[in-house]
Amino acid sequence: MKIVCRCEDITEEDIINAIEEYGCTTLAELKQLLRLGMGHCQGRTCLILAAKILARKTGKSLEEILPSFRPPAVSVEIGLIGGENGE
Amino acid sequence: MESKADVVIVGAGINGCALAYELARRGKKVVVVEKNYIAYGATGRCGAGIRQQWATKENALLAKRSVEIFEGLSDELGYDIGLRQGGYLIAIHDEEGMRQAKKNVEMQKSIGLPVRIISQEEIKEIAPILNPEGMEAIAATFCPTDGHANPFKTTYAYAMAAEKLGAKIYKFTEVKDIKVKNGRVEKVVTSKGEIETKYVVNSAGAWSKKIAKMVGIEMPNKPIRKEALVTEPFKRIFDCMVISFKHGIYFSQQDEGQILGGIPSPEEKIGYYTQPTFSFLKHMAYMLGKYAPPLKHVSILRQWTGFYDVTPDALPILGETSIEGFIQCNGFSGHGFMIAPMTARLLAQLICGEKLEMPIDRLSMERFKGEITEERAVVG
Ligand SMILES: Cc1cc2nc3c(=O)[nH]c(=O)nc-3n(C[C@H](O)[C@H](O)[C@H](O)COP(=O)(O)OP(=O)(O)OC[C@H]3O[C@@H](n4cnc5c(N)ncnc54)[C@H](O)[C@@H]3O)c2cc1C
Ligand code: FES
């Protein structure tokens, strides 16, 4: 059993199952279905590994599989952004 | 690709997939055409909150019947939809708000909802993290059977169940045109071929306007960019969704422990804008800190955008049109997830010529010709 996403505890089998059973062909679908890349590190290690599995299983190139990006790029505390008076 | 179908559904969001299931179950040959992938649209970007506390009876009834369906849906479809019923807590801010709340609660109780008005103390009992002073709340309404389902799991559950019953779902396939002959839909032209059909259902979310144009129907819907954010996960500390019509805020703690929520952005614009804004992040963070002060120490992980498909009265557009066989299923503003199970059932009944469980004529496009009753109980 190979772990692909450590933050969300997702294995290679989970990903292959999502591709074969649910017909996923993109990282976006794997994110939705498995929470791949949604953990604390925001996919820094797992997305590239998952992209390689997708490429192998679907025959797409790695460039085609590149992830979409949702800021903030680093996590930041609510109190730091919101402040005390909404200024 | 299939060259013939009874019904072609445009869009594989929660509404398209739920309808595909309800029609396939009734023996119809269904094809769903999706430009991107399942739940790409508003469905995959939504809060997936399920609220029955509405100001108009139409929405309240649609939501209540949908909750009854949601409650048995994992069993019915054979896949877990991640339903959690932790209630919705709706802040009341002033005397005017209290008057409106009393009116709503009376109507909601009359249709059988277990709603009640709760005090500041009860707000803190239900969710100790909340600060009624910071919320500027004098009281709240609470309905314990409101809740949340996982939008991805629910949509996939409907889609997979529909496929098992013979429905075909074509992903990465775009509807390019719809041909009409003698006032009736004839075929759908897609990027991968043509499909002859008796019915076309327009469940393309914020893009429904463009689909309707293909048959010459102008719609009053407007796409509005909405933003949401999610924090890091932590131990479960409250179960309800917290919302306010005055501040437009909504947030809850999800299954994995993260806080998910949204609020109208200071830079809200009409149009297909997809860029997330820093002003939303700042405003939402500030309001979260007021509503639930301990959250100030929790980190935000992501923010994203999606579209509300907004009609002039914030009620959906459902049913038949001047083009025979062209069926509307859109205009869901910020609540198209929670009413999808019942909406799908009603439209399936309409298409199959069955008796409808609830009348939907008041939700057709015809209503914009007369005076309109607006749904005011909206957030986000
Ligand atoms: C930030 C946010 C929070 C929300 N929170 C809630 C909530 O808490 N509770 C709730 O009930 N609702 C909520 N909503 C609203 C809800 O998400 C929507 O009303 C609902 O998901 C609409 O589903 P749909 O299936 O009708 O449309 P969508 O999910 O938008 O699906 C439409 C599909 O049509 C496809 N499409 C478009 N054009 C074409 C074409 N030409 N050919 C083929 N396919 C096409 C799109 O790719 C898309 O997948 C929220 C929305 C947002 C944006
Ligand atoms: S390893 Fe996947 S999100 Fe961190």
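By convention in this document, chain letters (A, B, ...) are assigned in the order of the sequence lines, proteins followed by strands, and residues within each chain are numbered from 1.
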Side chains of Met38(A) and Gln258(B): closer than 4.5 Å at any heavy-atom pair? no
Between Met284(B), His283(B), Lys171(B), Lys153(B), the one whose heavy-atom pairs under 4.5 Å with chain A are most numerous: Lys171(B)
Does any heavy atom of chain A fall under 4.5 Å from the side chain of Ile259(B), the backbone, both, or neither of them? neither
Residue selection (most heavy-atom pairs with chain B, distance under 4.5 Å) from Glu21(A), Arg35(A), Glu8(A): Arg35(A)
Examine whether an atom of Glu256(B) lies under 4.5 Å from a heavy atom of chain A, and if so say whether it belongs to the side chain, the backbone or both; otherwise answer neither. side chain
Return the minimal non-hydrogen interatomic distance between Arg302(B) and Gln42(A), and the atom names on each side. CG-OE1, 2.8 Å
Keeping Gln32(A) on the side-chain end and Ala39(B) on the backbone end, is there a donor-acceptor pair under 3.5 Å? yes
Inspect the surroundings of NZ in Lys164(B) and state if more than 12 heavy atoms from other residues, nucleotides or ligands are less than 6.0 Å away. no
Just so I know, are the side chains of Phe172(B) and Thr26(A) near enough to count as touching, which here means a heavy-atom distance under 4.5 Å? yes
Answer yes or no: is there a donor N or O on one side and an acceptor on the other, between the side chain of Lys296(B) and the main chain of Gly82(A), under 3.5 Å? no
Closest non-hydrogen atom pair between Gly289(B) and Ile78(A), with its separation: N-CG2, 4.4 Å
Just checking Asp80(B): does its CG atom have more than 12 heavy atoms from other residues, nucleotides or ligands closer to it than 6.0 angstrom? yes
Arg236(B), CZ: over 12 other non-hydrogen atoms inside 6.0 angstrom: yes
Would you compute the distance between atom CD of Glu29(A) and atom CG of Asn36(B) and round it to the nearest 0.5 angstrom? 9.5 Å
Residue part contacting chain A, namely of Lys290(B), when any heavy atom lies under 4.5 Å: neither
Using heavy-atom distances under 4.5 Å, tell me whether Thr231(B) contacts chain A through its side chain, its backbone, both, or neither. side chain
Heavy-atom closest pair, residues Leu301(B) and Gly39(A): CD1-O, 3.9 Å
Quick check for you: to the nearest 0.5 Å, what is the distance between Phe152(B) atom CZ and Tyr22(A) atom OH? 14.0 Å
